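In what follows, a structure is listed as structure tokens, so that the remarks can point back to it.
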Amino acid sequence: MKGSTRARVVAGMAALGLLLAACSGAKTETGGGGSAGGAKGTVKIAINPWVGYEANAAVVGYLLEKELGYKVENKNLKEEVSWQGFETGEVDVILENWGHDDLKKKYIEEKKVAVEVGPTGNQGIIGWYVPGWMAEQYPDITKWQSLNKYADLFKTSESSGKGQLLDGDPSFVTNDQAIVNNLSLKYKVVYSGGEAASIKTAEQAARQRKPLLFYFWEPHWIHSQEKFVKIDLPAYKTGCDADPKKVACDYPPYVLDKIASKKFADTGGKAYQLIKNFKWTNENQNEVANAMTNDKLPAEQAAKKWVDAHKDVWQAWIPTS
Amino acid sequence: MSAVPVAVGRRFAWPWQRVAAAATVLGVAVLYLAFRGQYVLPHDDDAGVFRALNTVRDWVDDNRNSSPVFLFFVNQIRLGVAVLFDTLQAVLQGIGWLGVTGAVGALALVLAGWRTALLAVAGFLAFGILGLWEESIDTLALTLTAVLLSLAIGVPLGILAGRSARFRRLITPVLDVMQIMPTFAYLAPMALFFLIGAPAAAIATLIYAIPPAIRITALGIREVPHASVEAATSMGSTRWQLLRKVQLPMAKRTIVLAVNQTIMMALAMVVITALIDAPGLGEPIIQALERVNVGGAFDAGLAIVIMAIVLDRLTVRASQRVDTRNQEGRSSSVTRRRALVLGATAGAGLAIAAGAATPQGRDFPESWFFSFAQPVNTVVDWVETNLFAVTDAVKNALTAWLLNPMQHLLTTAPWWLVVAVVFGLGLRVSGLGPALTAAACLTAVAALGLWQHGMETLTTVLVAAAITLAVGIVLGVVAGRSSRYAAVQRPFLDAAQTMPSFVYLLPAVALFGATRFTAIVASVIYAAPPVIRLVEEGIRGVPPTVVEAATAAGSTKGQLLWKVQLPMARHALLLAANQGIIMVLAMVVVGGLVGAGALGYDVVAGFAQREDFGKGLAAGIAIVLLGVMLDRITQGAGGRSAAEQAARHTG
């Protein structure tokens, strides 16, 4: 019985200790950018799930580590979860943000936990694409007016008798259902579920000459592999996408930008400066993304390859002290 | 299996029963034709339930740093789990590859013998050779965190459930829900309460892995012979003494089995938690898939499979040794054993010291790296280009002739008719209680505002389950009749069960497109192994004397199968059906990632998009409801409750 008495005492002590610890209360805000305040802090970069983004993160991360001596922690998160990370201190910076005015309003204006850090220099295009061979075979297919004429081509087992428009990951920006409804297109929006599933389907369509109409975007490395042609939807005018249910126009051109947590912006020092200065072109990004996907290089090696070849570009980002 | 089930066709022995059945079918058909397209509940993305759940989310977001529930409870748990994980991770990374491999080898030598020790050492070396040492160790640390916590909570609860029937009844439905709830569905709530990162991942894994710990422990306690318990009680043992001196020692082997199953479940979950930023092997898998690099994902998937096999063999062998040691008594080899333990400890100590102190022992030498990425990608490319025509045709035919008509039927039938049919089926197969539960579950799906998506998912699940059973029965029968084939098949089954589904998802997309059919293929790969195993076990369970008698009486091989082996294995077959359906359902969400739509996509969207949080959570609940419904309908056929089956046959 001695043993069990001792066990009870230990358990009691442990419970007491837990209680004491609990009395102080625990908030979720961890150090955040605070830890990056010193010369060799840690920068927590959100990694959103598409390769272009990873290219940005790879190069910025590489420079932070090799040129400035920071430690970089990559956080693999979807777009919206990354924004939540600003509030909890899990994320310091998002390196390629596509619009998201609703999130900007919530986290920058209302909660004041994030700030805009300026454009990445990349121009984003979202739209509907068909494989290049289709544009050659049916020259007028790229006008939205003739989409109904060709709807039968795009029929699949999933599109219940209509043409199929293949959308992507649920977290991507899309108005496609509204556009289909409001332009009276005889199409059904089918969700592939993710970027990888879309890419696979697009590759098959290009190589096996299968008809495909799909939601996609630029910059993306796939455009350097296979030819895809964008469909001309009714041109975008400011405000035509104001009411999400009434959209009947193309997507706006996106100026992709960077977002940082307020804390990181205040205390991030040189790391924040470098991220603020970071700005490059679609070609730059595609070069890195292409090395990562088609040459199957790990992110760090792809970044190194680019950094070694383009000192003139990134030299300007390094903060002078 | 002692009572041999008699003639299968007996239910229809009397003509009036046949007439009644025909009349029922006819009645349903007439009602369907009369009310087709009416009383359907079309999907509305903006249902009231979804909005209400969103409000809950917003409250949590706003009160995370002020409400006492969070300050003194939720956040404390998170910090505690974080400390445990960080410690394990730091220790394992700190002693380097040499230290970890040495320690695991020594542990395996002492607990499970030299064969297992060799396997363990080879397995851990493989992590390094695949260039995935750090990721593997992170996964190991995360798995250990979740398993330690699961056992710390689960074993006491299991003992309680083993000793009190009332507590067991109370906890069983909770465990059912925990196991059927798709893993994706609780990632979003996890991130909401415990934020992102390792602690949230460990807690999510714990929820998934704890049910077998509780169930199997309870089973072990209950299996202690009544006579032993009575003898101890009559000699004046207190309840505590009874537990410590009689029940626990006698249930030891079963409890080790609980540890084994908990580890396997945890390993299946840790990959998925990479979606909420958990460290480990899940990360390279998901990243490789984003880059459409199946070969890259294969390496990491292989590492998971190896880890599962090593930990499985280690615990299984350990439990067998517990048995034999108990029987042998301890006298004979005490000195030899002591020497073995001493030697193993010394070896491990040396390895740990070398691993912690030298850079060669800490970082795995890069010159040993080897990757399967290149060959796997070549194979996958070939398959994708050359088999596409065939697979595309198969997909189109099955979709047009089976999937679409069935989905049309279910989505255009009035909802009350579907509920009534489910009730009728449940009544016929399993009795009144289960039938009521099944009907109630289905009604609740309608109340959640997810009727249409629920019916679409149900269609996919039924078709996938039918294919799973067909494949499972054929392969199971073959394996049951040929030991040589069974031995060849076994490693493939192990791999199919532990290889994360993400890995084979992409080739499946290339072959079948982003469709419901791809989800079905993934479900079949995932759910067929346990069905095959159950069927094989059933066929083998037929007493050899019966087989001999039938052969002597002049049965052909075919007659033997149809007239003797299959009817006598009926019980196992029905059990397999029940298990297969539940496992197929578990894959439904993953189908949402490859174009299967419906509830799976709702869950995925809820995880990715703020305004869809409520819908995603509701869809997760709807999947559980469908699971309980399918289980209740089929459990009567299996002759045993799902709870016990899960306890016996998981993994």
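Nothing here was measured: the structure is a model prediction, and the numbers come from that model. Side chains are part of it too, since the values below use all heavy atoms of this structure and drop only hydrogens, waters and symmetry mates. Below, chains carry the letters A, B, ... as their sequence lines are ordered, and counting in each starts from 1.
The number of heavy atoms from other shown groups lying within 6.0 Å of CD (A/E300) does not exceed 12. Few gaps surround CD on B/E283; more than 12 heavy atoms of other groups in view lie less than 6.0 Å from it. The 12-atom threshold is not exceeded at NZ of A/K262, counting heavy atoms of other residues, nucleotides or ligands nearer than 6.0 Å. Residue A/K111 places its NZ atom among more than 12 non-hydrogen atoms of other residues, nucleotides or ligands, all under 6.0 Å distant. No more than 12 heavy atoms of other residues, nucleotides or ligands lie within 6.0 Å of NZ in A/K162, so this atom counts as exposed by the packing criterion. Few gaps surround NZ on A/K106; more than 12 heavy atoms of other groups in view lie less than 6.0 Å from it. The neighbour count for B/Q374 CD, taken as heavy atoms of other residues, nucleotides or ligands under 6.0 Å away, does not exceed 12.
With a 4.5 angstrom heavy-atom cutoff, B/A389 does not touch chain A via any of its atoms. Both the backbone and the side chain of A/E158 come within less than 4.5 Å of a heavy atom of chain B. At a 4.5 Å heavy-atom cutoff, A/Q164 makes no contact with chain B through either its backbone or its side chain. Within the 4.5 angstrom heavy-atom criterion, only backbone atoms of A/N74 (N, CA, C, O) approach chain B. Only the side chain of A/E54 comes within contact range of chain B, judged by heavy atoms closer than 4.5 Å. Proximity to chain A (any heavy atom under 4.5 Å) is restricted, for B/N404, to the side chain, taken from C-beta onward. Neither the backbone nor the side chain of B/D612 comes within less than 4.5 Å of any heavy atom in chain A. Contacts between A/A299 and chain B at a heavy-atom distance below 4.5 Å involve backbone atoms as well as side-chain atoms.
Rounding to the nearest 0.5 angstrom, the gap separating the OG1 atom in A/T293 from the CG atom in B/N293 is 9.5 Å. Atom NZ in B/K395 sits 6.5 Å away from atom OG1 in A/T156 (nearest 0.5 Å). Interatomic distance, CD of B/Q407 versus OG of A/S160, reported as 8.0 Å (0.5 Å rounding). Remark: A/T201 OG1 to B/F512 CZ distance equals 13.5 Å, nearest 0.5 Å. Taken to the nearest 0.5 Å, the OG1 atom of B/T385 stands 10.5 Å off from the CD atom of A/E203.
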Report task. Check the pair B/E384 / A/K200 against side-chain contact (heavy atoms from CB on, under 4.5 Å), numbers first and verdict last. Result -> CA-CA 10 Å; B/E384 284 173 9; A/K200 264 291 163 206; 2.9 Å; yes
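Among B/L398, B/D392, B/T399, the one residue that satisfies the side-chain contact (heavy atoms from CB on, under 4.5 Å) test with A/S157 is B/T399.
Between B/A514 and A/L166, the shortest heavy-atom distance links the atoms CB-CD1, 4.2 Å.
With chain B as partner, the option from A/A197, A/P49, A/G85 having the largest number of non-hydrogen pairs under 4.5 angstrom is A/P49.
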